[in-house]
Structures are given as structure tokens and as C-alpha cells.
Asker: 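Here it is, the structure, as C-alpha cells.
Start at 1 and go down the list; that is how both ligands and their atoms are numbered. All values reported here derive from a predicted model rather than from experimental measurement.
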Amino acid sequence: MFGIYIHIPFCLKKCAYCDFHSLAMKADDVPQKEYAMAVCEEIEKQAALRNLRNKKVESIYFGGGTPTLLEIKYLELILNSIRKNFAVADNAEITIEANPETLTIEPSHTTTASAGRPYRTIAQNFNRLSIGVQTFNDKHLKTLGRIHSAETAKKAITAASDAGFKNISIDLMWGLPEQTINEMETDIEEALKFGVQHISAYQLTIDENLKGPCKMWKLPDDELSRRMWLLAHDRLVAAGYEHYEISNFAADRYAPLGLSMTQKFRCKHNLNYWRYGEWLGLGSGASSFLTEGVTSLHLTTAKNIPQYLRRDFTYEIEEISQKTAMTEYSFLALRTFEGIYLNDFKNRFSKEFNAAYPNLSKEWIKNGLARLDGNRLSLTIDGMLISNELFGRL
Ligand code: SF4
């Protein structure tokens, strides 16, 4: 599969834990037109240079940053440029990330839930919305440095649904500083009230290079983290969600007749990452994974917004060795409950998984950390709980 990722590196405020490439500024100061036009130019250049024009695009994902800080006309400009340069599938998943405050306040340009119409315009252009709620607890939102309140988040989800979005995902974060297991449970119960199609529940981690108050945060120890992950798993699965990746859950409730709902509401774009599919990342700081001939490449655009606005597109290019590719492929696939299709591994690398990693799967299976189901090797719940340790063995 082939997907396109567009990075919009602007936010209204920098969150205390954030190590993404994003710059905080007032909504009216975002260089919307200049940035959108630079992205369109990069699309043209990369499509031609990397010989991608005939690639069928099955997912498009606008992430950030806060993509909903761009006016709809600039989001449309970028979408149109993608359609002009690539063959976008009729059923492509087209996602936009949004922060609740950009969906409920009314800055001069904007996407407002209260006004309704601009929100509906987003729904006409994007068929999936991913809202960064993180928690419904105002105390924790404040610690995290988020600018929305629990109330704003709730309004944003309701307004998205009212505006016609049929595929809404919300991000929750757990393992927050001083968060109790009861508080986490309340977050999950709140999220369940909305009946959204997808929930991502990520553990908060702090990059060691980050500075500021987050250095002083008391995060849960291993035992509490284990209990929290299990709580998310147990409660969301009991509520009818499919736990399909370590941190991701797809609704299993509104399946139209004859359609597999779980397939429908899994995030196609992220599944492509976990299945080691190709994607083209565009925008300042975006990364790509492409295969050219027999070589796979990671490309990263320079994380420098002024340089990007000058159309000075420079890339860090890393050729991926076969050994690294096998490792990446394996740990990404093992993040999903579907796991590794061993015949696919063999087709791709001309080598059996067991030859690449002698005795590993045997040991994991013996210890109850993995299971073999025909041609598929996947982690069990016990394996998922120590997945980082297991991935270190690949
Ligand atoms: S909204 Fe997201 S990208 Fe922006 S600062 Fe916060 S965590 Fe980072």
C-alpha cells in the first residue's frame, strides 16, 4: 500500500511533553498560504523526482502540529495538488488531526464548531477525523500544557459527529504525572460515552532531550503502567472495540451488513506503517519510507520552517540495510495483534523468519509470549506487556 503524509508544523501553544516538530504561534500569524503553496510545490517535485506519479494512494493523513490551523481553502489546495499528481483511490482514507480548541473557538479565519458550516466543509474533504483529547481531566490537561478543557474536548467530539463525520478517532494518553488508575478509568468511561469509531490510547513518554517542567514529572512505575495498559485493553475490548495494535482500538459496533467493521475502522494509514508499506511524507520535518528498485530508503525533510517556505527542500536520506529492514518489519508487524505473516516475511527478504532469528519464536511461544497461528506469528497479551524488551531481541 502507498500513503501520503502531510506535516503542518504549527500549534497555538507548545505542550509540555511535545517533541514533535511544531512551532507555537497565534492563529493569525500562521503563514497559511505560503506554507500550503510550498507543500504543493514539494508534492510536484517529489512526485516527479521519485517517479511516484502512477502510485495508487490509499491513504492521506494530515498531521502535525495542528493541521486544523489552516483554513479549509488551503487544506483543499494541498488535497487538490495530491489528486493532480497521484492516482488517489476512490475509497482512500483521508484523515485530518485536530486539537479540540481549533474546532470550538472562533479565530478570525476558522473552522468553528459553533458556526457549523466550516466544520462541515472539513467533513466534505476528509472522511476521518482524529481529535487530540488526551484526557478529560482538567487538572491533567493543565499539567500537560494543553490549552483545551475537558468541556471543549467534549463539545469538539459532539460537533464533529453533528457535522457528519462518520469515522472519528480520539487520542487518549495514560501514565500521566501522578495519574491514578481510577482517573484513567474515568477517562476511558468518558470516551466510551461518545461511541467513536476509533480510540488511540498511548502511554505518555518523555524524550530525554526535552527540557522544562516535564523533567520533574513523576510517571507511573512499571507495575502501574502494566495495570494501566491492561485496564485500557480490558475495558475497551469489553465495550466492543477491537484491540488491533498495542495502543489502538477500532470500533466493532456499527458494521453495515456484509462489511467487516473492524477492518473498516482500523486506521488504514497507520496500518500501512506497521505493515512496512511505502509512504511519502511532505512538509517541513516530514519523513518518508520508499522503495526504489531493490533499495529501501528513509527520507526526512529538514526541520526548518523558514527554509521550507523558501522552497529549499533538503532531505536526509538513509539507505536501509537488509538487516535493519528485517528488524523494522518484524517489530512493526508485532505491534499489531495480527502479527507477522511468515510467508510475507520470506517473500520480502528471501529468508525464513526462523533463519533470520534462530530459536526466537520458539522461545517466545514456549514462554507464552507469542503464538503461532498457521502462517502468522503474533504476541500474546503477556508478550505485548513486555513488547519493548522483545523488540530489543530482533
Ligand atoms: S498540540 Fe500536539 S503537536 Fe502541538 S505542541 Fe501539543 S503535542 Fe505538540
Asker: Can the ring centres of Phe349 and Phe345 be said to be less than 6.0 Å apart?
Answerer: yes

Asker: Any N/O/S of Cys18 under 2.8 Å from atom 6 (Fe) of ligand 1?
Answerer: no

Asker: Give the atom numbers and elements of ligand 1 that come within less than 4.0 Å of a heavy atom of Lys13.
Answerer: 5 (S)

Asker: So for Gly65, does at least one of its heavy atoms come nearer than 4.0 angstrom to any atom of ligand 1?
Answerer: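 Yes; Gly65 lies near enough to ligand 1 that a heavy-atom distance drops under 4.0 Å.
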
Asker: Could you check atom 4 (Fe) of ligand 1 against the protein and tell me its nearest heavy-atom contact, residue, atom and distance included?
Answerer: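 For this ligand atom, the closest protein heavy atom is Cys11 SG, 2.3 Å.
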
Asker: Just need the protein heavy atom nearest to atom 7 (S) of ligand 1, so name the residue and atom and give the distance.
Answerer: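 Going atom by atom, the protein heavy atom closest to atom 7 (S) of ligand 1 ends up being Tyr17 OH, 3.6 Å.
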
Asker: I want to know whether Trp229 and His243 have ring centres closer than 6.0 Å.
Answerer: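 Yes, the ring centres sit under 6.0 Å apart.
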
Asker: Looking only at the aromatic ring of each residue, does the gap between the centers of Tyr308 and Tyr35 stay below 6.0 angstrom?
Answerer: yes

Asker: In the protein, what heavy atom is nearest to atom 6 (Fe) of ligand 1, and what distance, to one decimal place, separates them?
Answerer: Cys15 SG, 2.3 Å

Asker: Are Lys55 and Phe86 in a cation-pi contact, defined as NZ or CZ under 6.0 Å from the six-membered ring centre and within 45° of the axis?
Answerer: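 Verdict for Phe86: no cation-pi partner in Lys55.
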
Asker: Name the closest protein heavy atom to atom 1 (S) of ligand 1, giving the residue it belongs to and the distance to 0.1 Å.
Answerer: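 I find the closest protein heavy atom is Asn99 ND2, 3.1 Å.
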
Asker: Residue-level breakdown please: for Arg146 versus ligand 1, do any non-hydrogen atoms fall below 4.0 Å on the side chain, on the backbone, on both, or on neither?
Answerer: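 Arg146 to ligand 1: side-chain contact only, backbone stays beyond 4.0 Å.
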
Asker: If the test is side chain to side chain donor-acceptor pair (under 3.5 Å), which one of Glu97, Lys268, His7, Arg128 qualifies with Tyr61?
Answerer: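 Exactly one option meets the side chain to side chain donor-acceptor pair (under 3.5 Å) with Tyr61, and it is Glu97.
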
Asker: Determine, using ring centers only, whether His298 and Phe289 are less than 6.0 Å apart.
Answerer: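 When the ring centroids of Phe289 and His298 are compared, they turn out to be within the sub-6.0 Å range.
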
